[in-house]
Protein chains: 2
Amino acid sequence: MDTELLKGTLSLLILSLLSRKAMYGYQIAATVHADTDGAFQWREGSLYPALHKLEQAKLIAGEWEDTDAGRKRRYYRLTAKGRAALTEKTAAWAELCRAVNRVLEVSNGPA
Amino acid sequence: MDTELLKGTLSLLILSLLSRKAMYGYQIAATVHADTDGAFQWREGSLYPALHKLEQAKLIAGEWEDTDAGRKRRYYRLTAKGRAALTEKTAAWAELCRAVNRVLEVSNGPA
DNA sequence: TCCGATACATCGAATATCTATGTATATCCG
DNA sequence: CGGATATACATAGATATTCGATGTATCGGA
């Protein structure tokens, strides 16, 4: 799939996933992969920097947690600011879809 | 509007617009701006390099034409290869929309 | 006559994502 | 018991796209 189109959807989807419940990085990647039947295959090199950036912007908040197995996980939850950003980004996404689809439809001949 | 989301849609929309008829750069920008009620506002600095890149990839073919006013325009038309790319990119776009919307819907609670 | 619209172009900057690589532990299988 | 795989995080460098600024030139209207 044309990876260029994916740009910008990463932060939107992370925020959306975290609106369900607090999750850690690896879990986020697995969830989006499952939810979209593999349409999204985020690499760690994309995901973790994105999480750090969202945390720096205070849209999400992370907290270390020890599992019983001694492995550390960093759980992220959505902040109030993040929830607002999610609303905004969702609206922008909807508008983008409408705009693009309008152009494609006009090109294909008005229904 | 969050400009990050726009990435990758530029070439898709250019190809789509040119599938209607041959157009020149300025006209492409004006058309997409009108068709989307201003949702897309491409700068010349984005559009012209994109056109050059598509031409280099032989997805579109350009030809200089003189207007009666002495101004030169470069008309671009879709090549066969470009038409194939358009089909491909349109499918990728549809899949992206489906995938993103699926995640958003699951987050908002299954209808 | 001057300004804005038309019409093209290029360069550098900003930004996001990918690839590759690294660390460490737990678990499964032979 | 040893090795491969999955879990779980992280960073650094490369790549690519788009934006902003700037430049050239012509034409029409105020």
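Chain naming here is simple, since letters A, B, ... match the order of the sequence lines and numbering starts at 1 in each.
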Mind jotting down which residue pairs meet the salt bridge (charged side-chain N to carboxylate O under 4.0 Å, His left out) criterion with at least one end in residues 26-36 of chain B? Sequence neighbours excluded, please.
B:R20-B:D35
My understanding is that only residues two or more places apart in sequence, or in another chain, count here; which of them pass salt bridge (charged side-chain N to carboxylate O under 4.0 Å, His left out) with B:K81?
none
Interatomic distance where CH2 belongs to B:W42 and P belongs to C:dA7 [whole Å]
17 Å
Taking only residues two or more places apart in sequence or in another chain, which ones pass side chain to side chain contact (heavy atoms under 4.5 Å, CB included) with B:A61?
B:R77, B:T79
Which atoms of nucleotides 5-7 of chain D (N or O only) lie under 3.5 Å from a protein N or O atom, and what are those distances?
unit_1: D:dT7; atom_1: OP2; unit_2: A:Y26; atom_2: OH; d: 3.1
unit_1: D:dT7; atom_1: O2; unit_2: A:R71; atom_2: NH1; d: 3.2

Under the rule for salt bridge (charged side-chain N to carboxylate O under 4.0 Å, His left out), what residues qualify as partners of B:E55, not counting sequence neighbours?
B:R74
When the distance from CH2 of B:W64 to C1' of C:dA9 is rounded to whole Å, what number comes out?
9 Å
Would you kindly give the NE2-to-P distance between B:H33 and C:dA7, to the nearest whole Å?
16 Å
Could you work out, with salt bridge (charged side-chain N to carboxylate O under 4.0 Å, His left out) as the rule, every residue matching A:R43, not counting sequence neighbours?
none
Listing request: all side chain to side chain donor-acceptor pair (under 3.5 Å) pairs with a residue in residues 44-53 of chain B, at least two apart in sequence or in separate chains.
none
Who are the ring pair (Phe, Tyr, Trp, His ring centres under 6.0 Å) partners of A:Y24, not counting sequence neighbours?
A:Y75
In numerical order, the residues of residues 47-60 of chain B whose heavy atoms come under 4.0 Å of DNA chain C are B:Y48, B:P49, B:H52
Please work out if B:G25 contacts a base, only the sugar-phosphate, or nothing of the nucleic acid, heavy-atom cut-off 4.0 Å.
sugar-phosphate
Could you state the NZ-P distance from B:K7 to C:dC18, rounded to the nearest angstrom?
12 Å
Between P on D:dT17 and CG on A:L5, what's the gap in Å once rounded to a whole number?
11 Å
